[in-house]
Number of protein chains: 2
Amino acid sequence: MFLGTHINGVDVKGRVSAPADFRAVARDEALEGVYCWPAFDGPFLEGCGQGLMERFKAMLDAWDPYDEIRTAFARAVLGEARLLGFDATGRVTLPKEFAAHAGLDGQAAFVGLGDKFQIWNPDAHEAHRVAARETLKDNKHRLRPPQAAARGDGGAA
Amino acid sequence: MFLGTHINGVDVKGRVSAPADFRAVARDEALEGVYCWPAFDGPFLEGCGQGLMERFKAMLDAWDPYDEIRTAFARAVLGEARLLGFDATGRVTLPKEFAAHAGLDGQAAFVGLGDKFQIWNPDAHEAHRVAARETLKDNKHRLRPPQAAARGDGGAA
DNA sequence: TTGTGTCCCATAGTTTCCCATGGTAACCCA
DNA sequence: TGGGTTACCATGGGAAACTATGGGACACAA
C-alpha cells in the first residue's frame with residue numbers, strides 16, 4: 001500500500017528517486033517500475049502499480065466498448081500513461097511533459113493514497129494539504145461513506 | 001483491542017517501545033508493526049492495526065472517487081500515514097515530523113481506544129484527559145450514539 | 001557533430017539492524 | 001505465605017546496510 005508523503009529531488013536530467021517504500025510496493029507486485037500519467041483534473045501526476053492498472057483494464061473490459069465515458073477515460077489514463085522503470089539505484093526519469101504538467105522543478109512530493117499515489121510540486125501540495133485538513137475538520141462528522149447506512153458498514157475486508 | 005495508557009521513553013534516535021500489549025494486538029492481525037499518522041484535528045498521532053486500516057480502505061473504495069471529502073480523508077490519513085515496523089525488541093522509530101506534530105520530546109503516552117490508539121505528549125495528554133472527563137460528566141445522558149437504536153453499531157471515526 | 005537519453009560508478013548521510021544491560025513483574029517452590 | 005528464580009519489558013549504544021544524490025561515460029538519433 002502506498003502511504004505517506006516523501007519529497008525527493010529532481011535533478012537536471014529529470015531523474016528522481018522513487019521513495020524506497022513505494023519501490024517495495026511495486027516490487028511486491030512484480031513490477032520494476034511504476035505506471036504514471038498526468039492527472040486529468042489537476043496539476044499533478046498519478047501513479048500506480050501492477051494491481052491497480054489491471055483493475056483499470058478489467059473495468060474497461062467490462063464496459064460498453066463505445067460508451068463515451070469509457071473512451072474518454074481510456075484516453076485520459078491509458079493513452080497518457082507510461083511505465084517508468086527503476087534504474088539500478090531506484091530512480092525514475094520523468095518525461096518532460098510530465099514534469100511540465102505538474103510544475104516540477106527541483107523537487108517532487110510523492111503522496112501515497114493506498115493503491116495509487118500522486119506526484120506534486122511540493123509547494124502546490126502543501127497548499128492543498130492544509131486545505132484538505134480544514135475540509136476534514138469541518139466535515140469529520142460526515143466521514144461515514146454515503147452507502148454505510150445501506151450496507152451496514154464496518155465490514156472487514 | 002488497544003487498551004489503557006502506557007508512557008514510554010523516546011530516545012535520541014526517535015525510537016520508542018510500543019507497549020507490549022499493543023504489540024500483541026498488532027501481531028494478532030499478522031502485522032509486525034503499526035500504521036501511524038498525525039491527527040488532523042489535534043497535536044497527537046493516531047495509530048491502528050491491519051484491521052482498521054483495511055476498513056478505511058474499504059470505506060474509500062465504496063465512495064465516489066472524486067468526492068471532495070473522500071479525497072480530503074485519503075490525503076489526510078493515507079497521505080500522511082506510515083507503517084512503523086517493530087524492531088527486534090519491539091520498538092518503532094518515529095519520523096521526525098511525527099514527533100514534531102505531537103510535541104514528543106523524551107516521552108510518549110500511548111492511549112488505547114479500542115480499534116485504534118493515540119500517541120500524545122504526556123503533559124498534553126494529562127491536560128486533555130481531565131478536560132475530556134469534564135465534557136463527559138456534562139454529557140453523560142447523551143452517551144447513546146445516534147445510530148445505536150437503529151443499527152446496533154456505535155462506531156467512532 | 002550535437003543533442004538527448006540511458007547506464008554505470010562513487011559517496012555522504014541516514015536508517016535499520018544487532019548486541020548488551022538494568023529493572024520489573026510473574027512464577028515456582030519450599 | 002515468603003523467598004528466590006526466571007522470563008520479559010524497556011532502554012542504550014555501535015556497526016552494517018541502504019537511501020538519496022551527483023557526476024561522468026556510452027549509445028543512439030537528428
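The shown structure was predicted, so the numbers you read here are calculated from the model rather than taken from an experiment. Chain letters run A, B, ... following the sequence lines, proteins first, then strands; residues in each count from 1. In what follows, every heavy atom counts, from backbone to side chain, and hydrogens, waters and symmetry copies are set aside.
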Trainee: A/N8 has a side chain; which of D/dT21, D/dG22, D/dT19 sits nearest to it?
Mentor: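 It is D/dT21.
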Trainee: Below 6.0 angstrom between ring centroids: does that apply to A/F56 and A/F73?
Mentor: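 Under 6.0 Å, so yes.
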Trainee: Does this structure show an ion pair linking B/R55 with B/D115, if we count only N-O contacts that are shorter than 4.0 Å?
Mentor: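 Looking at B/R55 and B/D115, the cut-off is met.
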Trainee: In whole angstrom, what separates B/I7's CD1 from C/dG23's C1'?
Mentor: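 Result: 18 Å.
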Trainee: Five pairs per end, C1' atoms only: what is the angle between the end axes of the helix from C/dT1-D/dA30 to C/dA30-D/dT1, to 10 degrees?
Mentor: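 The end-segment axes of the helix from C/dT1-D/dA30 to C/dA30-D/dT1 are tilted 40° relative to each other.
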Trainee: Do A/K57 and A/D61 sit within salt-bridge range, that is, some charged N less than 4.0 Å from a carboxylate O?
Mentor: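 Yes, this pair counts.
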Trainee: Assign the ring pair A/F22 / A/F117 to parallel, tilted or perpendicular, where the plane angle (0 to 90°) is split at 30° and 60°.
Mentor: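 A/F22 and A/F117: tilted rings.
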Trainee: Does the plane of the ring in B/F44 sit parallel, tilted or perpendicular to the ring in B/H128? Use 30° and 60° as the thresholds.
Mentor: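 Geometry flag for B/H128 against B/F44: tilted rings.
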Trainee: In whole angstroms, how far is the P atom of D/dT19 from the CZ atom of A/R27?
Mentor: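 In whole Å, D/dT19 P lies 8 Å from A/R27 CZ.
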Trainee: Each nucleotide in nucleotides 6-20 of chain C should get exactly one letter: B, S or -. Can you fill that in based on protein heavy atoms under 4.0 Å?
Mentor: BBBB-----SBBBB-
Trainee: At 4.0 Å (heavy atoms only), tell me whether B/A18 reaches a base, stays on the sugar-phosphate, or touches nothing.
Mentor: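 The answer is sugar-phosphate, as B/A18 gets under 4.0 Å only of primed atoms, P, OP1 or OP2.
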Trainee: Starting at atom CZ of B/F22, determine the distance to atom C1' of D/dC8, rounded to an integer number of angstrom.
Mentor: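 Between C1' of D/dC8 and CZ of B/F22: 18 Å.
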Trainee: If we ignore angles and hydrogens, is there a donor and acceptor under 3.5 Å between the side chains of B/Q50 and B/Y35?
Mentor: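 Side-chain D/A pair, B/Q50 to B/Y35: present.
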Trainee: Can you measure B/D11 atom CG to D/dG13 atom P for me and round it to whole angstrom units?
Mentor: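 The distance from CG of B/D11 to P of D/dG13 comes to 8 Å, rounded to the nearest Å.
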Trainee: Hey, is CE on B/M1 packed in by over 12 heavy atoms from elsewhere, all under 6.0 Å?
Mentor: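 For B/M1, atom CE is not crowded (no more than 12 foreign heavy atoms under 6.0 Å).
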Trainee: Hey, is A/E80 close enough to A/R75 for a salt bridge, meaning N to O under 4.0 Å?
Mentor: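 Answer for the salt bridge query: no.
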Trainee: Take atom NE2 of B/H6 and atom P of C/dT24, then tell me their distance rounded to the nearest Å.
Mentor: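 Computing the B/H6:NE2 to C/dT24:P distance gives 18 Å.
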